[in-house]
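What follows is a short report on a single structure.
In what follows, chains are A, B, ... by sequence order, proteins preceding strands, each numbered from 1. None of the values given here were measured: they were computed from a predicted structure.
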Amino acid sequence: MILETIEMLNPAQREAVEQTEGPILILAGAGSGKTRVLTTRIGYLMKEKKVKAENILAITFTNKAANEMRERVDETLNDEDTSAMWITTFHSCCVRILRKSINKIGYNRSFVIYDSSDQVTLVKDCLRELNYSEKAMDPKYIISVISNAKDKLINPKQFREKYKNDFSKSKIADVYALYQDRLKRNSALDFDDLISKTVELFREHEDVLDFYRNRFRYIMVDEYQDTSRAQYELVRLLAQGHQNICVVGDDDQSIYGWRGADIRNILEFERDYDDVHVIKLEQNYRSTQIILDAANYLIKNNIERKRKKLWSEKKEGELIKIQLAETEVDEAEFVANTISTMVRTGERSYKDFAVLYRANAQARPVEDALNRAQIPYNIYGGTKFYERKEIKDMVAYLRVIQNPQDDISLKRIINVPRRGIGLRTIEKIEDRASLKEESLYSVLIDIDGNSDISRKAKASINGFVDIMSTFRSLKQIYPASKMIEKVMDITGYLDELEKDKSEESQDRIENLKEFISVAMEFESKNEDTSLEAFLTNVALTSEPNEEEEHADRVSLMTIHSAKGLEFPVVFLTGMEEKLFPIARAIASMQDTQIEEERRLCYVGITRAKEELFMTMTGKRTLYGRTNHSVASRFIEELPDDCVERLNKVQKEISYSKASYNMLDKYTKKYMNTVNKAEMAKKANATIKQKTDIADLDNIKLGSKIHHPKFGTGTVVAVKGPDITIAFDNQGIKTINKEYTTIDVIK
DNA sequence: TCTGGATCGCTTTTT
DNA sequence: GCGATCCAGA
């Protein structure tokens, strides 16, 4: 069975499956069948190499990917028990490890997990405690700095040391230290902690690390280009020793740099491990050759990448169609009309189409047009189930029941529904708690001994403590679903919603019912049905169950969320400078940011199997302002023979200058904050990095060359088919000789 | 404690 | 253009 499956693979895929020992880097281009390779590899390990399920660890980024992989592994290994195999996300993997041993680094094993809004609340509390004003220090910014530090495994102490000469960063260091302290006191971890605390645990307790090293003899990491430094280190620690580490990724699809993904992890894998096998999966099973040509041609404009060239056995296919519309309304109408026509003629059904955009704000006019044309659609993004107020309230109750030390959750629900415990009272409780270095809940328990709180407030507090302790004893006998019901009932939360006949309240009741059934489903599917397990599941999930995937509807989503998906027909909308690439990336004047935008465009293009439309407007109203549009540089970067311009899309050649002049006040202001020194450093780093020199044909180091687009320049590095050239006027670029004709100047 | 008007700010998002 | 958030005042 498994050998037959392997027979069907192409040589590169096959090598990736059969090379089971030692470090392997699989560079898997878009649509090259990497999930298939990974699942077959796991099957091969078990069937042919007789590796036990429990010795295999497969890590993904999303629950969706993990579930999908588990399903497909079970399909491949229909008669084997794979339950001991860990196929999980980074975060679940770490939670599992931490729940077992985090007490060794001084945390409570029944910690709760804080999401981003809990982080905001906690940082605001910290700011207040430090007497720093929220105005001067934006909590969201502080969180991003802290999160960044954690991704790089920089703890508060190291952070303070690192920025001791930087005034504003020193202030953030204070917040970071307090924040971390408060998390610990609340028995809480944030998402970043899940990773960094696991690394800390491994570093400080060799016995724990040894245990897992021994257990996970074969490690596979999917979407390796999205790993952060902390995740990288985690994997490195586990793989050290046996070195059976297989990472799969595509540097060209790295689009999460802004949330800590460090592209160096993939670019430097070969340096970090010894005797790395590099396997490139370049055969694409998804798209037509035209689409792949366009994608290849576009992405070669990026300097920092591993060379790959996708090819397909599929025929050439349809040209990429570019449409210029007058406004975003016309653009949306064009999309709707095209879909309508193709469905009417029976060529396509609705589910064959995806409308992709750079920013969620672009969805509105598309929705309107689809509604007018009565086209069914699904829109992805927007408020998540677990972010809804009523759900967060319930979760907060459950958390406090589970872990009374959780001050953040306690404050959320202490007066919800209203029970006469106002801000003043809470402040007094907080003061007392911080004085005694105790949790809020322990102050509440003996509130009677507190002199400066009114009798009325004390009565309310005692009432609250009473119901909470009732819940805590009910927890012993009831599963989570029943607990939610009890909380809704006993606290009067449901009553209050039912009294209010507004549509909003009715929706909330519906959502709470949904939440109960989510809990029931969880209980029927899992062995561990404890409240703690349920809360962990909730924290690590954004949507409870993805249904309706097979409905015949058009999909609307950002390009980011389309990653990993494919559609017969794709519309890439808003192909305009300042929208795509987004204004901030242009304004930053940093190549890395434009390159990430370009990769995003690459991801968008490679979602299409058969037909690709790109649309842009002449003028666009966004965020209440109307601006003239300039064609995206990414349109200009496509090869002419892959493209058909449906109407007169003007060829804007001087896009960079034009768009710079058109930058609005907001962008220019942002631009001023860009650190010039950093840019210079970046330029130097690029030169230094390319020192691997090979003498190839007549182009060598120091050669003067002429490029049709970028003019004259000097070769500063040669690596395989790539040559890096310092152009006289266009800066440094790496170019693949296979794509461009370059003249050598004597 | 609640309210309504002013003000802000605005890319992407999973865990 | 629009929603979230803030803050003054009842």
Using whole Å, report how far CD of A:Glu496 lies from C1' of B:dC2. 13 Å
Does a side-chain N or O from A:Asn415 land closer than 4.0 Å to OP1 or OP2 of B:dT1, or not? yes
Aromatic rings A:Phe534 and A:Phe515: how do their planes relate, parallel, tilted or perpendicular, breaks at 30° and 60°? tilted
Is A:Arg625 close enough and on-axis enough to A:Tyr623, meaning under 6.0 Å and within 45°, for cation-pi? no
Roughly how many Å is it from CG in A:Asp193 to P in B:dT14, rounded to a whole number? 20 Å
Please report, rounded to the nearest Å, how far the C1' atom of B:dT13 is from the CG atom of A:Leu540. 15 Å
Atom pair distance, as rounded to whole Å: CZ in A:Arg259 and P in B:dT13: 9 Å
With the threshold set at 4.0 Å, does a side-chain nitrogen-carboxylate oxygen contact exist between A:Asp250 and A:Lys34? no
Picking from B:dT13, C:dC2, B:dT12, the nucleotide nearest the side-chain atoms of A:Ser561 would be B:dT13
Return the value, rounded to whole Å, for the distance between atom CZ of A:Phe111 and atom P of B:dT15. 17 Å
Hey, does A:Ile255 reach any base, or is it just sugar-phosphate, or nothing, if we go heavy atoms under 4.0 Å? nothing
Output the single nucleotide from C:dC2, B:dT11, B:dT13 whose closest atom is nearest the side chain of A:Arg584. B:dT11
From C-beta outward on A:Tyr623, which listed nucleotide comes closest to its side chain: C:dC2, B:dT15, B:dC10? B:dC10
Using a 4.0 Å heavy-atom cut-off, does A:Asn63 contact any base of the nucleic acid, only the sugar-phosphate backbone, or nothing at all? sugar-phosphate
Checking contacts here: which listed nucleotide (B:dT11, B:dT15, B:dT13) is nearest the side-chain heavy atoms of A:Glu597? B:dT11
Could you run down the sub-3.5 Å N/O contacts of the protein with nucleotides 5-10 of chain C?
unit_1 : atom_1 : unit_2   : atom_2 : d
C:dC7  : OP1    : A:Lys135 : NZ     : 3.1

Of A:Glu596 and A:Gly422, whose closest DNA chain B nucleotide lies nearer the 5' terminus? A:Gly422
Taking the nucleotide of DNA chain B with the closest heavy atom to each, which residue, A:Glu387 or A:Arg424, is nearer the 5' end? A:Arg424
May I ask you to say what A:Gly381 touches in the nucleic acid, namely base, sugar-phosphate or nothing, with a heavy-atom cut-off under 4.0 Å? nothing
Could you give the CG-to-P distance, from A:Asp192 to B:dT15, as a whole number of Å? 14 Å
Of the nucleotides B:dT12, B:dT15, C:dC2, which has the atom closest to the A:His91 side chain? B:dT15
Quick check: are there more than 12 heavy atoms from other residues, nucleotides or ligands sitting under 6.0 Å from CZ of A:Arg372? yes
Ionic contact status for A:Asp252 with A:Arg305, cut-off 4.0 Å: yes
Take atom CG of A:Leu356 and atom P of B:dT13, then tell me their distance rounded to the nearest Å. 12 Å
Answer yes or no: are there more than 12 heavy-atom neighbours, outside A:Glu367 itself, under 6.0 Å from its atom CD? yes
Does A:Trp258 lie flat on the base of B:dT12, that is, centres under 5.5 Å apart and planes under 30° off? yes
Assign A:Asn360 to base, sugar-phosphate, or nothing according to its heavy-atom contacts below 4.0 angstrom with the strands shown. sugar-phosphate
Check this for me, if you would: do A:Glu595 and A:Arg598 make a salt bridge, where the nitrogen-to-carboxylate-oxygen distance has to be below 4.0 angstrom? no
Looking only at atom C1', what distance separates C:dT5 and B:dT12, rounded to whole Å? 23 Å
Atom CG of A:Leu535 to atom P of B:dT15: distance rounded to whole Å? 17 Å
Distance-only donor-acceptor test, A:Arg418 side-chain atoms vs B:dT1 base atoms, 3.5 Å: no
Salt bridge or not between A:Glu387 and A:Lys392? Use side-chain N to carboxylate O under 4.0 Å. no
A:His91 vs A:Phe191 aromatic rings, parallel, tilted or perpendicular, using cut-offs 30° and 60°? perpendicular
Picking from B:dT15, B:dT14, B:dT11, which would you name as closest to the side chain of A:Lys384? B:dT14
